[in-house]
Amino acid sequence: QVQVVESGGGLVQSGGCLRLSCEASGSISSIYFMGWYRQPPGKERELVVTLARRSGLTNMADYVEGRFTISGDNDKNRVHLQMNGLKPEDTAVYYCMVSRGPDIYWGQGTQVTVAS
C-alpha cells in the first residue's frame, strides 16, 4: 500500500508563485510515475504534468508549459511542482498521483486559488 500526501496549496494573487510538494510512503519500491492533476470548479480532472522516475522524462499540459516545473528528489518518493505566473484559470484542486506497478494512488488534493 502507498500513502500520498500533498502540501503547499493556498491563496495567491494573479502573477504570484506557489510550490506544491508530494510525498509517497509505505510500499514505495518500483514507483514508475509521479505527477500532478487538477480539477477546476465544474470541470473534469485534467493532466498538469507527470514525471517518469527512471528516465526523468516529463509529460506536461500545454497550458502550463513555460510556467510550471516538476522536479523529483533523489529519494524518488517525492516530487515538487513549482508554479510561476499563476492565473485565475489555474484555480483548482490539485492532486498528486503515484503509479506503482499496475496500481495508481491519489492524494486527498490541495486547493489552489488564484485571485485577480
First locate atom [atom1] of [X], then atom [atom2] of [Y], and finally report the distance between them rounded to the nearest 0.5 Å.
X    : Y    : atom1 : atom2 : value
F68  : C17  : CZ    : SG    : 10.0 Å
I28  : N77  : CD1   : CG    : 4.0 Å
S30  : R100 : OG    : CZ    : 6.5 Å
L81  : I70  : CG    : CD1   : 6.5 Å
T113 : L11  : OG1   : CG    : 6.0 Å

**Request:** Tell me who clusters with V93, hydrophobic residues only, linked when side chains sit under 4.5 Å apart either directly or through other members.
**Result:**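 V93 clusters with Y32, F33, Y37, L47, Y95, M97, I104, W106.
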
Show the nearest heavy-atom pair for residues [X] and [Y], with the distance to one decimal.
X    : Y   : result
G101 : S99 : O-OG, 4.0 Å
R53  : R78 : NH2-O, 3.4 Å
L86  : V12 : CD1-CG1, 3.5 Å
G8   : L18 : O-CD2, 3.8 Å
I31  : A24 : CD1-CB, 4.2 Å

**Message:** Within the 3.5 Å criterion, strictly below it, is a donor on Q39 or Y94 matched to an acceptor on the partner's side chain?
**Reply:**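 On atom types as modelled, these side chains do not qualify, holding no pair under 3.5 Å.
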
**Test item: side-chain donor near acceptor, S21 and H80, under 3.5 Å** =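 The criterion, which ignores hydrogens and geometry beyond distance, is satisfied for H80 and S21.
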
**Prompt:** Out of V64, D90, T69, V112, which residue meets the side-chain contact (heavy atoms from CB on, under 4.5 Å) rule with M83?
**Reply:**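 Going through the options one by one, the only one that passes is V112.
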
**Request:** Compare all side-chain heavy atoms of K87 with those of R67 and state whether any distance is below 4.5 angstrom.
**Result:**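 Yes. Closest side-chain heavy atoms under 4.5 Å.
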
**Asked** Is the CD atom of Q1 crowded by more than 12 outside heavy atoms at less than 6.0 Å?
**Response**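 Check fails, neighbour count at 12 or below.
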
**Polar side-chain atom of E6 near backbone of C22 as donor-acceptor pair, under 3.5 Å** =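 Between the backbone of C22 and the side chain of E6 there is no qualifying donor-acceptor contact (under 3.5 Å).
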
